[in-house]
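Heads up, the thing below is written out as structure tokens.
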Protein chains: 2
Amino acid sequence: MFDQHRNKFPLDDDTWNDYISCFHVMQVPAKTVLLKEGEVSKKMFLIEKGCLRAWFNSNGKDITFQFFFENETVASVESFRKKIPSLVTIQSVEPSLVWWIHKRDVDRIIGSLKTFPALQDLFIDAVFERMFEYMKHFFSFIKDTPLQRYLNLLKEKPQLVQRIPQRYIASYLGITTVHLSRIKSKLARNK
Amino acid sequence: MFDQHRNKFPLDDDTWNDYISCFHVMQVPAKTVLLKEGEVSKKMFLIEKGCLRAWFNSNGKDITFQFFFENETVASVESFRKKIPSLVTIQSVEPSLVWWIHKRDVDRIIGSLKTFPALQDLFIDAVFERMFEYMKHFFSFIKDTPLQRYLNLLKEKPQLVQRIPQRYIASYLGITTVHLSRIKSKLARNK
DNA sequence: GCTGTTTAATAACAAATGTTATTGTTACCG
DNA sequence: CGGTAACAATAACATTTGTTATTAAACAGC
């Protein structure tokens with residue numbers, strides 16, 4: 001599982017082995033909550049098989065904010081970093097095989113590498129990348145119609161549309177399931 | 001101008017003086033473009049007096065994404081960091097007194113401090129903070145009605161509503177000027 | 001395989017928001 | 001100053017999207 005990530009991290013083998021030995025594996029059924037909105041995140045996850053989603057409660061409704069698939073690391077980044085209550089719940093969509101690591105282990109290892117510029121750069125790049133993703137997602141909410149956003153999703157992440165239930169996709173696109181259904185039938189008619 | 005920021009940076013005096021000596025001052029009239037959408041950002045700005053906004057073109061319409069006021073640093077972060085074309089235009093709203101620094105000077109000074117963990121942490125914190133702001137802004141677009149977003153803005157940044165023209169506020173809230181006008185008149189009626 | 005539950009499609013209607021046009025007001029520039 | 005352009009408010013109308021209810025299909029647990 002971890003071998004395929006080995007070359008991404010400029011660590012010596014001892015540190016790398018220390019790092020991966022901190023991971024625990026778990027098999028969770030669908031709809032398992034891994035982190036609850038309002039709790040402080042103490043774990044980071046890595047998905048071997050399955051998928052997760054981050055969602056938040058909006059006036060009683062469940063709004064999906066992000067999806068995660070195989071080989072992605074998952075954390076409520078703002079909560080993990082700033083030790084504040086998470087804005088989102090993290091939950092499995094499919095039955096999933098997930099590795100997790102304690103924040104204290106991450107902190108310990110990062111702490112021992114404070115003066116390792118290459119790793120810091122990598123980390124900063126990752127944060128920027130995520131920020132950039134958020135920006136683009138936000139921009140698309142303003143620039144595009146729900147139809148355009150759905151077409152984008154079909155184009156950019158076709159497997160997502162296959163694997164994820166409709167209602168999560170609808171809330172991810174910022175619309176109701178009824179409206180998504182209308183969009184789909186409109187597309188089907190014009191085909 | 002720079003003295004009030006001195007204590008924020010854990011730099012020795014020489015480095016600090018090197019840093020601030022790289023800044024140039026300029027006085028710009030309202031509506032001056034400091035960075036154009038599509039260009040790669042090569043400057044970072046610090047506002048002494050006045051205000052700027054970041055906006056992007058959406059099907060011919062001008063959508064404001066962010067406002068900046070006195071003592072804030074301004075850059076198209078993703079463009080500045082990743083050397084990619086900026087997603088936004090940065091433009092003055094009021095006549096403004098602005099300091100600016102070349103990216104190459106920022107890079108040089110940061111480069112010479114690669115192994116300075118305290119500064120790296122500060123930088124990472126700042127990036128996280130901005131990412132967090134984007135998240136919250138995004139969440140509010142989904143959770144709140146335009147009326148609620150306007151009330152939030154009135155509460156959180158009353159001075160912004162005073163200083164910024166209506167149409168920029170409307171696009172920042174994700175609505176048309178007509179709709180913002182309706183919201184205002186509804187609020188006035190209910191008072 | 002049956003049965004209850006969850007999910008998706010659809011229709012009818014309601015609400016929110018956008019569009020265009022008009023008008024009065026304000027701000028800028030010669 | 002005076003004239004022109006930019007801006008904000010408002011109204012009438014159009015469009016988009018949400019809400020609720022109904023039904024059929026898919027799925028989950030026995």
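Convention: sequence-line order gives letters A, B, ...; per-chain numbering from 1.
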Quiz item: Run the ring-ring contact (aromatic ring centres under 6.0 Å, His included) check on His137(B) and Phe141(B) step by step: do they pass?
Solution: CA-CA 6 Å; His137(B) 192 199; Phe141(B) 258 77; 5.3 Å; yes

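- Listed by first then second residue, pairs satisfying salt bridge (charged side-chain N to carboxylate O under 4.0 Å, His left out) with a partner in residues 70-97 of chain B read Asp125(A)-Arg81(B), Glu129(A)-Lys82(B), Lys49(B)-Glu70(B), Glu70(B)-Arg163(B), Glu94(B)-Arg163(B), not counting sequence neighbours.
- The nearest heavy atom of DNA chain D to Pro146(A) and to Ser181(B) marks one nucleotide each, and the one closer to the 5' end goes with Ser181(B).
- For Lys42(B) and Asp107(B), the salt-bridge test fails: no basic side-chain N is under 4.0 Å from an acidic carboxylate O.
- One finds a salt bridge joining Asp105(A) and Arg108(A) here, because a Lys/Arg side-chain nitrogen approaches an Asp/Glu carboxylate oxygen to under 4.0 Å.
- Checked against the 6.0 Å centroid threshold, Trp16(A) and Phe2(A) do not count as a close aromatic pair.
- The closest side-chain donor-acceptor pair between Arg53(B) and Gln66(B), if any, does not fall under 3.5 angstrom.
- With no hydrogens or angles considered, no side-chain donor-acceptor pair links Arg167(A) and Thr177(A) at under 3.5 Å.
- The distance between atom OH of Tyr168(A) and atom C1' of dT6(C), rounded to the nearest whole Å, is 11 Å.
- Of the residues Leu97(A), Thr32(A), Val98(A), the one that meets the side-chain contact (heavy atoms from CB on, under 4.5 Å) test with Gln27(A) is Leu97(A).
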Every protein N/O within reach of nucleotides 22-26 of chain D N/O, cut-off under 3.5 Å:
none

Quiz item: When you check every protein heavy atom under 4.0 Å of nucleotides 18-30 of chain C, what one-letter string (B, S, -) results, 5' to 3'?
Solution: BBB----------

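- Distances shown here put a side-chain N or O of Ser185(A) below 4.0 Å from the OP1 or OP2 atom of dT10(C).
- Annotation: proximity of residues 149-167 of chain B to DNA chain D (heavy atom, distance under 4.0 Å) is found for Pro165(B), Gln166(B), Arg167(B), numbered in ascending order.
- For the 3.5 Å distance criterion, the side chains of Lys184(A) and Gln166(A) qualify, holding a donor opposite an acceptor.
- Screening residues 63-89 of chain B for ring-ring contact (aromatic ring centres under 6.0 Å, His included) gives Phe138(A)-Phe65(B), Phe139(A)-Phe65(B), Phe65(B)-Tyr134(B), Phe67(B)-Tyr172(B) as the qualifying pairs, with residues at least two apart or on separate chains.
- At whole-Å resolution of the value, NZ in Lys31(B) and P in dA6(D) are 8 Å apart.
- Taking the six-membered ring for Trp and thresholds of 30 and 60 degrees, His102(B) and His24(B) have ring planes more than 60 degrees apart, a perpendicular arrangement.
- Remark: C1' of dA8(D) and CD1 of Ile169(B) are 12 Å apart, rounded to the nearest angstrom.
- Terminal axes of the helix from dG1(C)-dC30(D) to dG30(C)-dC1(D) (five pairs each, C1' rotation axis) are separated by 60°, to the nearest 10°.
- In this structure, CZ of Phe141(A) is placed 15 Å from P of dT17(C), rounded to the nearest angstrom.
- If you take CD1 of Ile183(B) and C1' of dT10(D), they are 15 Å apart, rounded to a whole angstrom.
- With hydrogens and angles left out, the side-chain atoms of Ser76(A) and Ser86(A) include a donor and acceptor closer than 3.5 Å.
- Lys184(A) places its NZ atom 8 Å from the P atom of dA8(C), with the value rounded to the nearest Å.
- Side chain to side chain, Thr15(A) and Asp18(A) fail the donor-acceptor criterion of an N or O pair below 3.5 Å.
- Between Arg189(A) atom CZ and dT10(C) atom P the separation is 8 Å, expressed in whole Å.
- When the P atom of dT17(D) is taken as reference, atom CD1 of Ile142(B) falls 15 Å away, rounded to whole Å.
- Between Glu133(B) and Arg130(B) there is no salt bridge, since none of the side-chain N atoms of the basic residue sits less than 4.0 Å from a carboxylate O of the acidic one.
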